[in-house]
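By convention in this document, chain letters (A, B, ...) are assigned in the order of the sequence lines, proteins followed by strands, and residues within each chain are numbered from 1.
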Amino acid sequence: MSIQIYNTLTRQKEAFTPIEEGKVKMYVCGPTVYNYIHIGNARPAIVFDTVRRYFEYRGYEVVYVLNFTDVDDKLIKAANELGEEVPQIADRFIEAYKEDVGAFGVKEAVYHPRVTENMDEIIAFIKSLIDKGYAYEEGGDVYFRTRKFNNYGKLSHQSVDELQSGSRIEVGEKKEDPLDFTLWKEAKDGEIRWESPWGEGRPGWHIECSTMAKKYLGDTIDIHAGGQDLTFPHHENEIAQSEAHNETDFARYWMHNGYINIENEKMSKSLGNFVLAHDLIKQHDPQMIRFFMLSVQYRHPINFSASLLESAKNGFERIRNAYENAKHRKDTSMNLTQDKDEWLEEIRGLKRRFIKEMDDDFNTANAIAVLFDIAKSANLYLQKDQTDEEVLDAYAELLKELTGVLGLEIETTEELLDEEIEAKIKEREQARKDRNFQKADQIRDDLKDRGIVLEDTSQGTRWKRA
RNA sequence: GGCGGCAUAGCCAAGUGGCAAGGCAGAGGACUGCAACUCCUUUAUCACCGGUUCGAAUCCGGUUGCCGCCUCCA
């Protein structure tokens with residue numbers, strides 16, 4: 001069974017077949033780095049990181065490219081407001097992006113190209129489009145001749161005429177046609193600029209992705225991904241540019257993630273109702289946030305609220321508990337062989353289910369449901385009077401392996417306790433033996449205040465961090 | 001106006017023809033010195049109306065409500 005991907009281009013799930021055996025060339029539209037990212041920006045980062053991890057789990061090499069838009073109108077505006085230069089701002093927020101997204105367990109891309117580092121390629125790309133008649137220069141700007149590209153609208157499933165009727169016609173535009181879009185923009189006074197055959201200026205937004213995808217991945221890539229709102233016009237324009245230029249298909253599979261809503265309203269920087277990832281990870285376990293995001297199918301919208309986060313926290317805790325319980329029980333486990341094989345077969349079956357769910361368009365919601373079933377199964381096994389080390393290991397390893405595929409870190413207690421706390425726990429155990437429960441409870445309360453939660457099991461007392 | 005999405009238990013959320021997954025919260029019980037963890041039990045006329053079918057949450061037609069894109073946006 002192969003991996004199925006819902007392709008925006010065809011509006012259906014398709015079996016994934018790579019261009020090159022065993023390799024996935026994947027381009028994800030990255031952020032414009034003029035501010036900290038909000039959690040809506042974090043969703044594609046997390047979702048497509050999970051896609052990447054799953055491909056890798058299934059044995060593919062993934063060439064993962066995520067670009068940074070480090071020059072555009074918003075950056076220029078931010079620079080003016082803050083009294084800084086564009087490159088300074090870009091550098092700062094690229095670092096912030098990597099830090100925030102890293103907290104969510106997102107791996108670094110193989111390539112993180114920046115617009116300003118690919119200016120020669122971008123200019124050459126535009127020049128070639130002009131040579132082919134797909135673009136024209138007008139007063140220092142360069143525009144793409146949209147109607148000349150016959151397949152325009154194939155991704156968003158709109159005809160050029162329908163788009164035309166809905167489009168705004170700006171007064172004083174230099175465009176031949178309202179549907180044409182900017183490839184190169186003439187610099188205004190004081191704006192950051194690059195030399196070009198059309199005078200000093202900077203690239204339009206869409207051209208960077210076409211150029212950098214080609215440079216790092218080739219004329220045709222396997223997967224192009226981004227937020228739903230990029231479908232039109234951004235991705236549609238990329239297709240027009242790239243296919244006009246390369247004269248071949250640009251991307252075989254297009255993936256788009258749904259929005260995050262706040263109070264059922266779209267969150268966006270322009271609406272001002274956003275939650276910055278940077279702030280959120282100070283208040284909540286970022287791993288739990290990732291778990292929350294993956295608990296919904298990536299194409300569906302997610303509503304965001306404190307109570308939903310609380311619910312996710314408790315759910316994630318359940319999976320972590322099962323893992324810790326299995327590991328803890330192992331210390332006192334005996335090796336028994338009677339029904340070992342049945343349990344190991346059960347464990348293999350659960351793993352197959354996880355893979356089956358992920359194969360179906362990365363259905364992380366169902367994959368997480370399987371994680372809960374593994375936790376339940378492990379907990380049931382742990383109820384037995386006697387357990388087998390191999391089975392306990394198999395449960396713990398499976399939980400670690402599959403949470404890892406989702407980019408979730410299940411380990412919570414790498415740090416060892418200091419001696420004082422260790423001594424307190426021993427002291428309490430003695431108190432319990434002496435049936436001095438008042439003292440025992442006192443110690444437990446004290447440690448709880450210090451963030452250490454104690455649990456008494458039939459195999460002895462164990463602790464975890466709150 | 002064009003294109004598209006969504007409506008499933010108190011909440012979240014899977015499920016595209018065959019007795020409605022899973023989680024959170026609640027209630028009751030077991031275990032426990034008490035807790036915690038865990039286990040067991042427990043809650044759905046799948047927005048509405050009509051149709052196709054032996055059989056529909058799922059397919060078709062219609063209705064209502066909410067949302068997105070068509071303009072910078074993940």
Side-chain angles (χ1 to χ4, degrees), chain A residues 8 11 13 28-32 37-48 72-74 77 153 156-159 161-168 170 178-179 181 205 225-234 236 256-261 264-271 274 291-292 295-297 299-303 305 307-322 324-325 328 353 357 360 363-373 375-376 378-380 382-383 432 435-438 440-441 444-445 448 453-458 461-464 466:
Chain A
T8 306
R11 287 185 178 162
K13 286 181 191 169
V28 180
C29 286
T32 302
I37 58 162
H38 58 61
I39 55 166
N41 303 115
R43 190 175 187 191
I46 290 170
V47 161
F48 298 119
D72 89 322
D73 291 353
K74 290 191 290 286
K77 188 167 170 244
S156 53
H157 303 273
Q158 296 268 357
S159 78
D161 292 326
E162 284 159 354
L163 286 165
Q164 170 82 73
S165 65
S167 79
R168 237 190 254 168
E170 301 279 346
L179 287 177
F181 56 90
W205 173 38
Q228 215 165 58
D229 48 349
L230 295 183
T231 308
F232 190 92
H234 185 53
E236 198 71 71
H256 292 99
N257 66 274
Y259 296 119
I260 289 184
N261 295 323
N264 290 315
E265 207 178 31
K266 177 184 167 182
M267 159 163 37
S268 74
K269 287 177 180 172
S270 44
L271 280 177
F274 53 84
F291 178 84
F292 169 69
S295 67
V296 178
Q297 216 281 340
R299 285 184 279 120
H300 297 174
I302 300 185
N303 214 5
S305 76
S307 67
L308 292 174
L309 239 39
E310 178 67 20
S311 163
K313 179 173 177 281
N314 292 339
F316 190 36
E317 198 65 28
R318 180 179 173 77
I319 290 166
R320 277 180 161 165
N321 281 341
E324 292 299 330
N325 289 345
H328 178 258
R353 272 183 55 208
E357 297 298 352
D360 183 12
N363 194 332
T364 53
N366 277 344
I368 284 173
V370 176
L371 292 182
F372 280 115
D373 288 343
K376 169 68 68 91
N379 286 331
L380 281 171
L382 289 166
Q383 300 263 300
R432 288 183 71 218
R435 303 194 66 77
N436 184 350
F437 295 121
Q438 200 186 339
D441 290 351
R444 187 169 62 195
D445 289 346
K448 193 181 178 189
V453 177
L454 297 187
E455 294 177 357
D456 300 322
T457 73
S458 51
T461 297
R462 47 178 294 218
W463 63 274
K464 64 181 183 183

message: Need one value for Leu454(A): base, sugar-phosphate or nothing, where a base atom within 4.0 Å counts as base even if backbone is also close, heavy atoms only.
response: base

Atom C1', compared across C40(B) and C6(B): separation rounded to whole Å: 37 Å

- request: List for me each residue that meets side chain to side chain contact (heavy atoms under 4.5 Å, CB included) alongside Ser311(A), sequence neighbours excluded, and say none if there are none.
  value: none

- line: Looking only at C40(B), G2(B), A74(B), the nucleotide nearest the Glu162(A) side chain is G2(B)

message: Side chain of Tyr259(A), heavy atoms from C-beta onward: which of G68(B), C37(B), C72(B) has the nearest atom to it?
response: G68(B)

query: Does Thr461(A) have any side chain to side chain contact (heavy atoms under 4.5 Å, CB included) partners at least two apart in sequence or in another chain, and if so, which?
result: Ile425(A), Arg428(A), Glu429(A), Arg432(A), Leu454(A), Asp456(A)

- prompt: Taking atom P of U32(B) as reference, at what distance in whole Å does atom CZ of Arg435(A) sit?
  reply: 12 Å

Separation of atom CD in Glu455(A) from atom P in C37(B), rounded to whole Å: 7 Å

message: What I want to check is whether an N or O donor and acceptor connect the side chain of Asp456(A) with the base of C34(B) at under 3.5 Å.
response: yes

- prompt: Start at the 5' end of RNA chain B and walk down; is the nucleotide closest to Arg299(A) or to Ser307(A) reached first?
  reply: Arg299(A)

Sugar-phosphate, base or nothing in reach of Gly226(A), heavy atoms under 4.0 Å: sugar-phosphate

message: What's Asn261(A) touching, base or sugar-phosphate or nothing? Going by heavy atoms closer than 4.0 Å.
response: nothing

- request: For the pair Phe316(A) and Phe291(A), name the ring-plane relationship: parallel under 30°, tilted 30 to 60°, perpendicular over 60°.
  value: parallel

query: Mind checking the P distance from G26(B) to A21(B)? Whole angstroms is fine.
result: 23 Å

- request: Would you state whether a donor and an acceptor, one from the side chain of Arg444(A) and one from the base of A35(B), lie under 3.5 Å apart?
  value: yes

message: Mind checking if Gln297(A) touches a base, just sugar-phosphate, or nothing, with heavy atoms under 4.0 Å?
response: sugar-phosphate

field: Arg444(A)/Asp441(A) ion pair, N-O < 4.0 Å
entry: yes

query: What heavy-atom pair brings Lys74(A) and Asp72(A) nearest, and what distance separates the two atoms?
result: N-OD1, 3.1 Å

- prompt: Is the ring of Phe437(A) stacked on the base of G33(B), with centres less than 5.5 Å apart and planes under 30° off?
  reply: yes

- line: To the nearest angstrom, the NE2-C1' distance between His300(A) and G15(B) comes to 11 Å

field: Of the listed nucleotides C72(B), C37(B), C69(B), the one nearest the side chain of Asp229(A)
entry: C69(B)

- prompt: Looking only at atom P, what distance separates G15(B) and A7(B), rounded to whole Å?
  reply: 10 Å

query: What pairs with Phe437(A) under side chain to side chain contact (heavy atoms under 4.5 Å, CB included), at least two apart in sequence or on another chain?
result: Arg435(A)

- prompt: Starting at CG of Asp161(A) and ending at C1' of C70(B), how long is that distance when rounded to a whole Å?
  reply: 14 Å

- request: Could you pull out all residues at least two apart from Ser295(A) that satisfy side chain to side chain donor-acceptor pair (under 3.5 Å)?
  value: none

message: Tell me if the side-chain of Asp441(A) makes a donor-acceptor pair with the base of G33(B), cut-off 3.5 Å, by modelled atom types.
response: yes

- prompt: Looking for any heavy atom pair under 4.0 Å, which part of the strands does Leu380(A) touch: base, sugar-phosphate only, or nothing?
  reply: sugar-phosphate

message: If I take atom CG in residue Leu230(A) and atom P in nucleotide G68(B), what distance separates them, rounded to the nearest angstrom?
response: 16 Å

message: If we ignore hydrogens and angles and just use 3.5 Å, is the side chain of Glu357(A) paired with the main-chain N or O of Val370(A) as donor and acceptor?
response: no

task: Return no unless some side-chain N or O of Arg320(A) is found under 4.0 Å from OP1 or OP2 of U38(B).
output: no

Along RNA chain B (nearest heavy atom to each residue), the more 5'-positioned of Asp373(A) and Gly30(A): Asp373(A)

- line: Regarding the side chain of Asn363(A), the nearest nucleotide among G15(B), A21(B), G68(B) is G15(B)

task: Report the distance from atom CD1 of Ile46(A) to atom P of A74(B), rounded to the nearest whole Å.
output: 15 Å

message: Looking at Arg432(A) and G33(B), is any side-chain donor or acceptor paired with a base atom of the opposite kind under 3.5 Å?
response: yes

message: Considering every strand and a 4.0 Å limit on heavy-atom distances, what is the contact class for Asn257(A): base, sugar-phosphate, or nothing?
response: base

field: Which nucleotides of RNA chain B pair, in dot-bracket form (Watson-Crick or G-U under 3.5 Å, | meaning another strand)
entry: ((((((((.[[[..)..(...]]].(((((.......)))))....[[[[[..)....]]]]])))))))....

message: My understanding is that only residues two or more places apart in sequence, or in another chain, count here; which of them pass side chain to side chain donor-acceptor pair (under 3.5 Å) with Asn436(A)?
response: none

- request: Take the protein atom NZ of Lys464(A) and the nucleotide atom C1' of U38(B), then report the distance between them rounded to whole Å.
  value: 11 Å

task: Please state whether the phosphate of C40(B), meaning OP1 or OP2, lies under 4.0 angstrom from any side-chain nitrogen or oxygen of Lys376(A).
output: yes

task: Look at the side chain of Phe372(A) and decide which nucleotide, out of G23(B), G68(B), C39(B), has an atom nearest to it.
output: G23(B)

Selected nucleotide, minimal atom distance to Asn314(A) side chain, candidates C37(B), A21(B), A25(B): A25(B)

